[in-house]
S.K.: 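Before we start, here is the structure in question, set down as structure tokens.
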Amino acid sequence: MAEWVRIRDIGNYEGETVTLKGWLYLRTDKGRLKFLRVRDGSGVIQAVLFKKNVSPEAWQAADELTQESSLIVTGTVRADERAPGGYELDVRDLEVVHYAEPDYPIQPKEHGVGFLMANRHLWIRSPRQAAILRIRATVIRAIRDWLDNHDFVNVDTPILTPAAVEGTTTLFETDYFGKPAYLSQSGQLYNEANIFALGKVYCFGPTFRAEKSKTRRHLTEFWMVEPEMAFATLEDVMDVGEQMVSYVVQTVLEKHRRELEDLLERDVSVLEKITPPFPRISYDEAVEILHANGFENFPWGEDFGAPHETTISNQFEKPVFVYHYPTKAKAFYMEEVPDRPEVCRSVDLLAPEGYGEIIGGGQRIASVDLLEQRLREHNLPREAYEWYIDLRRYGSVPHAGFGLGVERTLAWICNLPHVRETIAFPRMLDHIYP
RNA sequence: UCCUCGGUAGCUCAAUUGGCAGAGCGCCCGGCUGUUAACCGGGUGGUUGCAGGUUCGAGUCCUGCCCGGGGAGCCA
């Protein structure tokens, strides 16, 4: 057998005889000539069989190949403009590992999303879905690389959390040795403890929200990276956010330009513009934009819904930071703006093209008194927060952080209609199979 | 939870005013040395989501239920 190579690297082997191991994606017979579209997880290539060039056994084997059969092919790599991808394999030998049963449900044609989701375990084999999953891996790695290279320490925060931190209506409850426990919605509060040990930290893991949300932007289980920094302010959050997001986008462009253009039909020119700095506007300015663009009656003080976010982000080519939200519209731990307590030092980053909020964060309350006041205002059980209050009692510092949602970021970069395509097995309201 | 659209062959869909259940793809058989979701010929394929009702007659009309898509609300 010749050297086993990956299809992605096939251009390095022009004129050489190589072996590929993969699955049959598509077959076209033309008499004594067969075209086999073979994929191996790294890419797809067209293998060409001429009857006169292979053994009768190999020809017979190829004749009986069904879609998704696994196979090993050996042949010569040849550049050919007629082949998708520019290279094809002139097959000399073919071995079938397993004949797939002839009723593989997913055809290379249009299918409904309900059918595809029911067959998600097979759908991920299609080139477009596999490309998204490869880009997802690049996004995650780029995030980690950027943070690791900027002195952030990765500290894992717990997924099982104790009772009733902020009400249980949006938390998944589980049984913890006879007591209720809840799947984590965020690692932020634990991150705030970790920065006092390590300065700058991040956690990166799955988070769970039991919200009855049924939109293109919501999953019940999704992945979030949450950096947190000691001796930091709202402005530091925006600085880090725009640097990190830009690095992620440019890294994806560098590694996946061809997949973005060919498989995802992404206009990469809009991604090329994603470089620092990002526009920064206040909540007040955002409300003015709404008033001038069809939402004349939007009341100051309300949080933005999806149509509002889209209208605001459509004013810009880059993601836009919106800061200083009304204090009442945000979480209890947000630091207030000096001399203007009705707004807080919070920030959201809205992705372009209507993809919504991909970052939410801000500066945290540093004072014991203000934190205790906020806990009372929000009717939160003080005993559950004793440890959190301690952080303000022993060397409190200004600190800030944010969370970035992997799936929404990926949906935006890949220009996907729905976040369900950004993860291999999405968990949604009413969908937990397969 | 609310609004809205939908459910017909394995898939994507059609079926006029209530009047014979259809096509393409897939799959099976045959043909073709450059196909790009090939093409040509033949074959295969149905509890019209479920239950009830109106009617000589229901995929079509009515009632209830189930399931799915899109959106809203919700959303550290």
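By convention in this document, chain letters (A, B, ...) are assigned in the order of the sequence lines, proteins followed by strands, and residues within each chain are numbered from 1.
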S.K.: Which nucleotide, A72(B), A37(B), G34(B), lies nearest any side-chain atom of Lys109(A)?
M.R.: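 Side chain of Lys109(A) sits closest to A37(B).
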
S.K.: Are Tyr385(A) and Phe332(A), when compared by the centres of their aromatic rings, separated by less than 6.0 Å?
M.R.: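 For Tyr385(A) and Phe332(A), the ring centres are under 6.0 Å apart.
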
S.K.: Round to the nearest Å and state the distance from Phe304(A) atom CZ to A72(B) atom P.
M.R.: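 For the pair Phe304(A) CZ and A72(B) P, the rounded distance is 16 Å.
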
S.K.: Considering only side-chain heavy atoms of Phe115(A), which listed nucleotide, G73(B), G10(B), G34(B), is closest?
M.R.: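 Closest of the options to the side chain of Phe115(A): G10(B).
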
S.K.: Check this for me: does the side-chain of Ser213(A) come within 3.5 Å of the base of C74(B) through a donor and an acceptor?
M.R.: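 Between C74(B) and Ser213(A), which were checked side chain against base, a qualifying N/O pair under 3.5 Å is present.
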
S.K.: Would you mind pulling out the nucleotide paired to A23(B), Watson-Crick or G-U wobble, both distances under 3.5 Å?
M.R.: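 Its partner is U12(B).
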
S.K.: Should the heavy atoms of other residues, nucleotides or ligands under 6.0 Å from CZ of Arg78(A) be counted, would the total exceed 12?
M.R.: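 Above 12, so yes.
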
S.K.: Nearest to the His431(A) side chain among G68(B), U35(B), C32(B), which nucleotide is it?
M.R.: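 Ranking G68(B), U35(B), C32(B) by closest atom to the His431(A) side chain puts G68(B) first.
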
S.K.: When you get a sec, tell me which of C28(B), U33(B), U1(B) is the closest nucleotide to the side chain of Pro102(A)?
M.R.: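 Nearest nucleotide to the side chain: C28(B).
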
S.K.: Can you tell me how far C1' of C2(B) sits from CG of Leu429(A), to the nearest Å?
M.R.: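 Rounding to the nearest Å, CG of Leu429(A) and C1' of C2(B) are 14 Å apart.
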
S.K.: What distance separates Phe35(A) CZ from Asp29(A) CG, expressed to the nearest 0.5 Å?
M.R.: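 Atom-to-atom, Phe35(A):CZ and Asp29(A):CG are 10.0 Å apart.
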
S.K.: Among the candidates A72(B), G70(B), G73(B), find the nucleotide nearest to the side-chain atoms of Arg217(A).
M.R.: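 The answer is A72(B).
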
S.K.: Between G69(B), C74(B), U35(B), which one does the side chain of Lys214(A) approach most closely?
M.R.: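 Minimum distance to the Lys214(A) side chain belongs to G69(B).
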
S.K.: Taking the P atom of each, how far is U47(B) from C3(B), in whole Å?
M.R.: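 Roughly 33 Å separates the two P atoms.
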
S.K.: Watson-Crick or G-U wobble partner for A51(B), using a 3.5 Å limit on both distances?
M.R.: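 Pairing partner: U63(B).
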
S.K.: Using atom C1' in both nucleotides, what's the gap between U12(B) and G68(B) to the nearest angstrom?
M.R.: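 Between the two C1' atoms, the distance is 16 Å.
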
S.K.: Can you find a side chain N or O atom of Arg420(A) that sits less than 4.0 Å from OP1 or OP2 on G70(B)?
M.R.: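 Indeed, a polar side-chain atom of Arg420(A) lies that close.
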
S.K.: Ignoring hydrogens and angles, answer whether the base of U12(B) and the side-chain atoms of Gln107(A) contain a donor-acceptor pair closer than 3.5 Å.
M.R.: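 For Gln107(A), whose side chain was compared with the base of U12(B), there is no donor-acceptor pair (under 3.5 Å).
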
S.K.: Of all the choices, A72(B), C75(B), C27(B), which nucleotide is nearest to the side chain of Glu211(A) once you look at every atom?
M.R.: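 So the side chain of Glu211(A) is nearest to C75(B).
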
S.K.: Suppose you measure atom P in C25(B) against the same atom in A58(B); what distance do you get, rounded to whole Å?
M.R.: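 That atom pair is separated by 33 Å.
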
S.K.: Out of C25(B), G69(B), A72(B), which has the shortest distance to the side chain of Ala306(A)?
M.R.: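 Of the candidates, A72(B) comes closest.
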
S.K.: For atom P, what is the distance between G57(B) and G73(B), given to the nearest Å?
M.R.: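 Roughly 49 Å separates the two P atoms.
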
S.K.: Taking the nucleotide of RNA chain B with the nearest heavy atom to each, does Pro84(A) or Pro417(A) sit closer to the 5' end?
M.R.: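 Checking each residue's closest nucleotide, the 5'-ward one belongs to Pro84(A).
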
S.K.: Applying the salt bridge (Lys or Arg N to Asp or Glu O under 4.0 Å) test to Glu259(A), which of Arg134(A), Arg136(A), Arg266(A) qualifies?
M.R.: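 Among the candidates, only Arg134(A) passes.
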
S.K.: Are Tyr283(A) and Phe304(A), when compared by the centres of their aromatic rings, separated by less than 6.0 Å?
M.R.: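 Centroid distance Tyr283(A)-Phe304(A): below 6.0 Å, so yes.
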
S.K.: So what does Arg78(A) touch, heavy atoms closer than 4.0 Å: a base, only the sugar-phosphate, or nothing?
M.R.: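 The answer is base, as Arg78(A) lies within the cut-off (heavy atoms under 4.0 Å) of a base atom.
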
S.K.: Considering only side-chain heavy atoms of Lys30(A), which listed nucleotide, U35(B), G73(B), C11(B), is closest?
M.R.: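 Output: U35(B).
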
S.K.: So, does the side chain of His218(A) form a donor-acceptor pair with the base of C75(B) at under 3.5 Å?
M.R.: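 Side chain to base: pair present.
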
S.K.: Return the 5'-most residue of the pair Thr66(A), Leu33(A) with respect to RNA chain B, ranking by each residue's nearest nucleotide.
M.R.: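 Residue closer to the 5' terminus by nearest nucleotide: Thr66(A).
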
S.K.: Assert yes or no for the condition that the ring centre distance of Phe231(A) to His399(A) is strictly below 6.0 Å.
M.R.: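 Ring-ring flag for Phe231(A)/His399(A): false, centres at least 6.0 Å apart.
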
S.K.: Between A9(B) and C50(B), how many Å separate the two P atoms, rounded to a whole number?
M.R.: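 My reading of the P atoms in A9(B) and C50(B) gives 11 Å.
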
S.K.: Under 4.0 Å between any heavy atoms, over every strand shown, what does Glu226(A) touch: base, sugar-phosphate, or nothing? Just pick one.
M.R.: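 Since no nucleic acid heavy atom lies under 4.0 Å of Glu226(A), the category is nothing.
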
S.K.: Using purine N1 to pyrimidine N3 plus N6-O4 or O6-N4 for Watson-Crick, or N1-O2 and O6-N3 for G-U wobble, both under 3.5 Å, which nucleotide pairs with C2(B)?
M.R.: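 C2(B) is paired, partner G71(B).
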
S.K.: If I take atom CG in residue Asp63(A) and atom P in nucleotide C32(B), what distance separates them, rounded to the nearest angstrom?
M.R.: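 The answer, rounded to whole Å, is 12 Å.
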
S.K.: Take atom C1' in U33(B) and the same atom in C29(B), then report the distance between them in whole Å.
M.R.: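 One C1' to the other, the span is 22 Å.
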
S.K.: Looking at the side chain of Val113(A), which of G69(B), G34(B), G26(B) is the nearest nucleotide?
M.R.: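 So the nucleotide nearest the side chain must be G69(B).
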
S.K.: Under 4.0 Å: is that the gap between some side-chain N or O of Arg32(A) and OP1 or OP2 of U33(B)?
M.R.: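 So the side-chain polar atoms of Arg32(A) do come within 4.0 Å of the phosphate oxygens OP1 or OP2 of U33(B), strictly under.
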
S.K.: Atom CZ of Arg27(A) and atom P of G34(B): how far apart are they, to the nearest Å?
M.R.: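 Interatomic distance, CZ of Arg27(A) to P of G34(B): 18 Å.
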
S.K.: Under 6.0 Å between ring centres: does that hold for Tyr190(A) and Trp387(A)?
M.R.: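 Yes - the distance between ring centres of Tyr190(A) and Trp387(A) falls below the 6.0 Å cut-off.
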
S.K.: With rounding to the closest Å, how many angstrom separate the P atoms on G31(B) and U48(B)?
M.R.: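 These two P atoms come out 38 Å apart once rounded.
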
S.K.: P atom, G7(B) versus C61(B): distance in rounded Å?
M.R.: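 It works out to 11 Å between them.
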
